[in-house]
2 protein chains.
Amino acid sequence: MKNILATEELNTEELILRAAKKIFTHKGFEGARMKDIADEAGINKALLHYYFRSKDKLFESIFDGVLKSFLPQAILILSSELPLFQKIDRISEYYIQSLSKQPDIPIFVLHELSVNPYRLIENIKEHGMDLHLFSQQLQSEIDEGKIRPIKTAHFITNLFALCVFPFIGRPLIMGMMNLNDTEFNSYVLERRQIVTETMIRSLKV
Amino acid sequence: MKNILATEELNTEELILRAAKKIFTHKGFEGARMKDIADEAGINKALLHYYFRSKDKLFESIFDGVLKSFLPQAILILSSELPLFQKIDRISEYYIQSLSKQPDIPIFVLHELSVNPYRLIENIKEHGMDLHLFSQQLQSEIDEGKIRPIKTAHFITNLFALCVFPFIGRPLIMGMMNLNDTEFNSYVLERRQIVTETMIRSLKV
DNA sequence: GTCTATAAACAGATAGAC
DNA sequence: GTCTATCTGTTTATAGAC
C-alpha cells in the first residue's frame, strides 16, 4: 500500500495536474502554454497529450476541481443549523484562510466564468446551489426583529465581496496602499475580523 | 470645425480604439484576436498594424486609457473636502453607475494586473495615488469619536469590494441566485443604497 | 490610407522510436 | 510511459499593389 503522506511521491498524472493548476490559475486558459505546464511538471509536452488528450480536457479537469473545492463549502455552511452570525464568522474564516494559500483562485475562476459563463451551469446543477434554507433563516431573523431587512442576494454579495476582494484586487491594493508582500500578508490576516465586524454591525437593528 | 457630437463620424483610429476596447475588455489580452478587433471595427487586420504597430502597443493604449478613466476619480473624491459619509455615497454612486455601462472593466483590469502587476506602477506614479489627506480625515473622525476605529486600507477595501464585486462576480451571482439579465440589472440598481448603508452602519459608534 | 497576399513565428497535437 | 521530431493550423506581422 502506498504511503499517501509522502507528498513528494507523485505519479506523472498528479505531477501534471499540480503543474497545470499552477499555470492555469496564474495565467488563465488563454495565457497558459502547454510548454509552461510541461516545464513546470518537469516532463515533456507530448506526455500532457498522452494523459489528457488536449489542452481543453486538461483545463476542464483543473477548473471543475477548483470549483468543487470552493463553492460547495459556502453552501454547506450557509445551509447548516448554525446561528446567522456564526455562519458569517465561519465563511470569512474558511475563505480567507483557504485563499491565503491559493490567492490566484478567485481572479482565475471569475475571469474564466466571465469569458465563458456557461461553464458554471453544469457545476451548479450538479451541486444544487440551493439557498432556500438560508433565505428562510435570514427572513426569520428579519421578521423577529433581530436584524435589519436585507435581501439574500445582497447579504451574500456583501459577505463574499468583503472576503474575496483582497485577493482579487491584490496588485491594486498593494499599489494604492504602498504595501510590500509582508505588509500585505498582515493586512489579509486582519481581514477576517474586519469582515465579521462589518457584516454584523451593518445587520444590527 | 468638426461636429464633436456626431458620434457616428469616427475616424479610423477612433474606430479601432473603440473596437479594441470592446474585444480586449471582454476577452483579455491573451484571449483577444487581432482579427476579432478588425472585424469589430469593420476594417482589415493590416490597418491595425498600420495605426498601432503591434498588438502590445494597441493593448497599452486601451489599458492605460481604462485605468486613467477610473482610478483618478476615486482619488479625487477621497481627497476632496466633502464629509466622510458623503464621500462614501459619491464613490458608490459614481462607480456603480459607470460600471453598469461598462461591466467588463473590473474583471479585465484586475485580471491583467494579476498576470502583469508591473503594469500598474507607471500609472500610479503618474497620477500620484496619494491617500494621505484621506487618511488624515479618517483618523480625525476616529479621534473625535465620530466613527469606530478602522485602518485606511480596510476602509477602502470594504468600499470598493462592495461596489465592484457585483460586476466581477456577475456570472456567479446570476447562477447562485437564479437571476436573469433583467433581474440582475434591478439587483445592481439596488447596490448603491446597500453599499452606502452597509458602510455607514459599520462605521457608526 | 486601405486592401490582398504572404511571410514568420508560435502553439497544439500526433507519429514513431525507445 | 516517455522521449524527439514533425505536422498542422492559427496568429501576429509585413510586403507591396492600388
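Atoms considered below: every heavy atom in the structure, side chains included; atoms not considered: hydrogens, waters and symmetry mates. Proteins get letters first, then strands, A, B, ... in listed order; numbering begins at 1 in each.
As rounded to whole Å, 10 Å separates atom P of C:dA13 from atom CG of A:L48. C:dG12 atom C1' lies 12 Å from atom CZ of A:F24, rounded to whole Å.
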Could you walk me through whether A:Y187 and B:T157 pass side chain to side chain donor-acceptor pair (under 3.5 Å), step by step?
CA-CA 11 Å; A:Y187 152 88; B:T157 302; 2.6 Å; yes
Check the pair B:S202 / A:S202 against side chain to side chain donor-acceptor pair (under 3.5 Å), numbers first and verdict last.
CA-CA 5 Å; B:S202 75; A:S202 75; over 6 Å; no
For every nucleotide of nucleotides 3-18 of chain D, 5' to 3': is a protein heavy atom under 4.0 Å from its base (B), only from its sugar-phosphate (S), or from neither (-)?
BB------SBBB----
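For the side chain to side chain contact (heavy atoms under 4.5 Å, CB included) with B:L78, the lone residue among B:D130, B:L138, B:L131 that qualifies is B:L131.
Taking a 6.0 Å sphere around CD of A:Q136, one finds it holds more than 12 heavy atoms contributed by other residues, nucleotides or ligands.
Taking all atoms of both residues into account, the shortest heavy-atom contact from A:A19 to A:E40 is CB-CG, 3.5 Å.
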